[in-house]
Amino acid sequence: MRAAVRTKRPRRPPPAATAQLASSSRPKLEKAQVPLTLPLKSFKFRLANGPPLAPTPKAFKSYAETCATLLRLCRAAATATSHAAPASSSPSSDRLPLALSLHAHAVRSGVAADRSVASHLLTTYAAFARAAERDRAFGDCVAADAASPFAYDFMVSEHVKAGDIASARRLFDGMPDRTVVSYTTMVDALMKRGRVAEAVELYEQCPSGSVAFFTATISGFVRNELHHNALGVFRKMLSCRVRPNGITIVCMIKACVGAGEFGLALSIVGLAIKSNFFESSIEVQNSLITLYLRMGDAAAARKVFDEMDVKDVVSWTALLDVYSESGDLDGARRVLDAMPERNEVSWGTLIARHEQRGNAAEAVKLYSQMLADGCRPNISCFSSVLSACASLEDLRGGARIHARSLKMGSSTNVFVSCSLIDMYCKCNKCGDAQTIFDTLPQKNIVCWNSLVSGYSYNGKMVEAMYLFKKMPARNLASWNTIISGYAQNRQFVDALKSFNAMLASGQVPGEITFSSVLLACANLCSLVTGKMAHAKTIKLGIEESIFIGTALSDMYAKSGDLQSSKRMFYQMPERNDVTWTAMIQGLAENGFAEESILLFEDMMATGMTPNEHTFLALLFACSHGGLVEQAIHYFDKMQALGISPKEKHYTCMVDVLARAGRLAEAEALLMKTPSKSEANSWAALLSACNTYRNEEIAERAAKRLHELAKDNTAGYVLLSNMYASCGRWKDAARIRVLMKGTTLKKDGGCSWVQVRGQYHAFFSWEAKHPLSMEIDEILDLLMWESSL
DNA sequence: CTAGGGTTAG
């Protein structure tokens with residue numbers, strides 16, 4: 001019975017079985033298992049019948065071929081095992097001892113040095129992940145002069161796969177004749193590790209070129225964001241008459257997108273269609289979706305997706321990004337839910353987009369949903385969600401993610417580490433950030449910049465500068481970090497000093513640099529320095545930039561040169577809400593309240609939407625111009641536009657009302673303030689009470705101020721002055737005593753002069769200037785002379 | 001023994 005069934009099956013398999021075989025996702029496994037039994041049986045038979053000697057050349061050849069075939073079958077079994085499900089792994093795993101005994105017999109029979117057998121031994125051991133035996137087999141190969149170029153190629157690639165570039169390189173350098181395959185392997189490995197210079201050297205050394213060789217170089221340049229070099233390699237490839245294939249097209253589309261060469265990209269797409277790569281390759285179609293998306297043609301991207309016969313996760317993820325890029329994050333979420341399968345990249349895309357658009361809370365929420373969906377976060381996910389935690393200042397959440405990244409071994413990745421450093425610093429945990437930094441096995445320049453920026457964020461400019469000086473290398477971002485750090489911490493003199501150091505170091509400043517430098521100039525009212533900075537922006541050809549233009553206009557206004565400020569403003573090719581706000585504020589601060597209000601009306605007329613800062617500038621104008629009615633009008637208008645007033649808006653309103661003597665209204669508004677902690681408003685009211693001699697409200701204001709202004713020196717000073725001006729000397733003295741008791745000190749005055757590009761600052765509370773002794777002496781001399 | 005290069009996110 002059994003025999004009958006067996007003999008029938010190979011002749012005419014049942015239709016169901018054929019269908020199953022055809023649809024199997026692992027045809028290799030089937031192929032390897034089916035023919036293995038017969039040759040093995042005959043081999044065992046030979047072993048059992050005496051030592052297999054090879055007396056005639058014909059017999060030798062036949063025996064070597066048998067060995068090679070058997071080893072190939074062993075290797076195929078090993079590869080099939082590593083890809084197959086665990087259940088089916090047991091029948092193939094016993095092939096390793098077989099391979100070992102084959103090896104022994106091959107040695108004894110003298111066929112081990114046969115090129116084919118030697119190569120098979122090498123690949124078999126590699127397939128069974130036996131590195132030691134593999135290396136010995138290769139060593140034997142070389143010793144017996146049986147090492148084919150293939151054996152060398154294979155070993156180079158094995159070292160690269162193990163991450164041992166040094167060994168790969170050593171082997172490559174010692175190769176008798178280097179093949180284009182090993183050149184390809186080396187160039188690719190070096191490019192993937194960012195060692196572009198070495199890769200380029202090999203690229204130029206390689207005497208010939210294949211599609212894979214050129215494509216690997218193109219891909220390497222793209223990976224290292226050297227898109228124009230990639231385009232150059234493509235031109236070289238064409239001039240060498242090497243025809244691109246689908247993989248080349250994919251890499252070139254990426255290169256063109258990176259270089260912004262959309263015209264070239266489209267002609268390459270034309271080439272792909274002509275060569276029929278487009279129809280046959282899902283990857284080419286996927287990269288086309290992204291190409292159209294980056295060109296800003298979402299409809300075309302959508303069309304490519306819709307017309308695809310077969311779509312995979314990548315296609316769906318690309319579509320998801322088509323939605324998120326156009327700002328439709330809800331649509332992107334719908335795509336995510338509709339996808340037949342999702343992976344961590346799909347989730348990561350959505351998380352990153354939410355994080356970029358400032359919706360950090362949603363990013364964190366999506367992250368937990370991703371985990372619930374069973375996706376393991378990768379480097380990018382960690383990086384995005386940690387940035388989200390940083391902006392939420394969510395230390396607990398951030399630390400939890402830190403723990404997971406530790407468990408997954410991703411925490412030492414530079415991207416994740418930088419995000420971690422940033423997150424801990426934003427949560428005011430500089431110590432933890434420093435620990436992460438110190439324990440990093442390899443740091444890049446971004447890690448240094450992150451920590452410098454973190455210290456600046458926490459106002460620790462001494463630490464920031466210490467670190468900045470210790471940096472092994474500095475780039476534009478490093479200089480921007482330290483300069484903006486000083487500017488944000490209002491150490492404007494230091495900001496300008498660093499700017500000068502930057503210029504001296506030969507680093508060319510960028511837009512961000514100038515926005516900090518101009519901010520410093522504006523705050524120091526240093527028109528000369530500001531003008532020099534302006535000249536530099538013209539020289540660099542960036543004065544037309546919206547950021548630079550705004551900063552310049554602001555700098556001129558703050559320095560009192562309204563003429564230049566206005567000229568900058570009106571010359572700008574385009575203006576945004578920040579630009580308008582800066583000009584409105586500039587006019588207000590220089591006392592042109594009416595003009596400021598008129599400019600605001602112009603802004604509204606152009607259809608620009610004002611923000612809370614715009615209204616603050618406007619209310620400031622009203623307050624300084626004493627325009628009470630307008631202030632009330634704009635205060636209402638602001639709320640009508642859906643902008644809720646913040647403390648500073650209330651302060652302005654209280655100020656304008658109080659200055660006009662409408663003290664009761666001011667007090668009433670202040671009582672309505674959602675945040676009761678604004679001491680400055682009470683101080684403004686108190687100050688006005690002083691002017692209008694309203695002791696009744698003054699008492700209440702003083703009481704509130706006293707409660708709130710535990711650390712507000714201005715409040716104490718005002719209160720004390722108020723009592724003094726009313727003749728209530730005892731109260732005034734009491735406040736002064738109170739100030740001393742709470743270790744509060746009135747902020748000292750500070751002034752500075754610029755002499756030959758150097759800033760010299762003078763402080764009222766201590767003699768900090770190194771030459772203060774000499775300066776004082778000369779001052780005494782001058783005073784004595786003038787008194788004569 | 002026929003290798004070596006690839007698609008989405010950051």
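Throughout, a chain's letter reflects where its sequence line sits, starting with A, and its residues are numbered from 1.
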Using the rule given for side chain to side chain contact (heavy atoms under 4.5 Å, CB included), can you reason through Tyr203(A) versus Phe214(A), listing the C-alpha separation, both sets of side-chain angles and the distance that settles it, and then say yes or no?
CA-CA 9 Å; Tyr203(A) 165 70; Phe214(A) 284 114; 4.0 Å; yes
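At whole-Å resolution of the value, OH in Tyr323(A) and P in dA9(B) are 17 Å apart. Whole-Å rounding puts the Leu336(A) CG to dT8(B) C1' distance at 13 Å. In this structure, CD1 of Ile218(A) is placed 14 Å from P of dG5(B), rounded to the nearest angstrom. When the C1' atom of dT8(B) is taken as reference, atom CH2 of Trp316(A) falls 14 Å away, rounded to whole Å. Atom CE of Met370(A) and atom P of dT8(B) are 19 Å apart (whole Å). If you measure from atom CE of Met237(A) to atom P of dG6(B), you get 14 Å, rounded to the nearest angstrom. Between the OH atom of Tyr152(A) and the P atom of dG4(B) there is a distance of 19 Å, given to the nearest Å. Across the protein-nucleic acid pair, Leu291(A) atom CG and dT8(B) atom P stand 11 Å apart, rounded to whole Å.
Within the 4.0 angstrom heavy-atom criterion, only backbone atoms of the sugar-phosphate kind lie near Arg353(A); the bases stay farther away. Looking at heavy-atom distances under 4.0 Å, Arg342(A) makes no contact with the nucleic acid at all. Residue contacts shown for Ala212(A) include a base, since a base heavy atom lies under 4.0 Å away. At the heavy-atom level, Ser346(A) lies nowhere under 4.0 Å from the strands shown. Contact annotation for Thr123(A): no contact, since no heavy-atom pair falls under 4.0 Å across all strands. Note on Thr290(A): only backbone sugar-phosphate atoms sit closer than 4.0 angstrom, heavy atoms only; bases stay farther off. Using a 4.0 Å heavy-atom cutoff across all strands shown, Phe150(A) reaches at least one base atom of the nucleic acid.
Salt bridge Lys311(A)/Asp306(A): absent, no basic N to carboxylate O contact under 4.0 Å. Salt bridge annotation for Arg136(A)-Glu133(A): absent, with no cationic side-chain nitrogen under 4.0 angstrom from a carboxylate oxygen. In summary, Glu158(A) and Arg134(A) engage in a salt bridge, as defined by a charged side-chain N under 4.0 Å from a carboxylate O.
Contact between the side-chain N/O atoms of Gln356(A) and the OP1/OP2 oxygens of dA9(B) is not found at any separation under 4.0 Å. Between Arg223(A) and the phosphate of dG6(B), there is a side-chain N or O to OP1/OP2 separation shorter than 4.0 Å. Checking the phosphate oxygens (OP1, OP2) of dA9(B), a side-chain nitrogen or oxygen of Arg294(A) falls inside 4.0 Å. For dG10(B), the OP1/OP2 oxygens have no side-chain nitrogen or oxygen of Ser383(A) closer than 4.0 Å.
The side chain of Asn286(A) has dT7(B) as its nearest neighbour among dA9(B), dT7(B), dG5(B). Closest to the side chain of Ser119(A), out of dG6(B), dG4(B), dC1(B), is dC1(B). In the set dT8(B), dA9(B), dG6(B), the nucleotide with an atom closest to the side chain of Lys254(A) is dT8(B). When the nucleotides dG10(B), dT7(B), dG5(B) are ranked by their closest atom to the side chain of Ser380(A), dG10(B) comes out on top. Among the nucleotides dG10(B), dG5(B), dG6(B), the one closest to the side chain of Val211(A) is dG5(B). The side chain of Asp312(A) has dT7(B) as its nearest neighbour among dT7(B), dC1(B), dG5(B). Listed nucleotides: dG5(B), dA9(B), dG4(B). Nearest to the side chain of Lys161(A): dG4(B). Here dG5(B) is the nucleotide among dG5(B), dT8(B), dG4(B) with the atom lying nearest to any side-chain atom of Ile247(A).
Distance alone, capped at 3.5 Å, is enough to place a donor-acceptor pair between the Thr217(A) side chain and the Phe213(A) backbone.
Counting atom types as modelled, Asn378(A) pairs no side-chain N or O with a base atom of dG10(B) as donor and acceptor under 3.5 Å. Taking only distance into account, the side chain of Ser210(A) meets the base of dG4(B) through a donor-acceptor pair shorter than 3.5 Å.
Under the 30°/60° scheme for interplanar angles, the aromatic rings of Phe172(A) and Tyr183(A) are found to stand perpendicular. Between His402(A) and Tyr424(A), the ring planes lie perpendicular to each other; the angle is over 60°, past the 30° to 60° tilted range.
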Tabulate below the donor-acceptor pairs under 3.5 Å that side-chain atoms of residues 222-236 of chain A make, not counting sequence neighbours, or state none.
residue	atom	partner	partner atom	Å
Asn224(A)	ND2	Met191(A)	O	3.0
Asn224(A)	ND2	Gly220(A)	O	2.9

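Residue Leu350(A) holds its CG atom at 6.0 Å from CG of Leu336(A), rounded to the nearest 0.5 Å.
Residues from residues 163-193 of chain A placing a heavy atom under 4.0 Å of any atom in DNA chain B, listed by number, are Val180(A), Val181(A), Thr184(A), Thr185(A), Asp188(A), Lys192(A).
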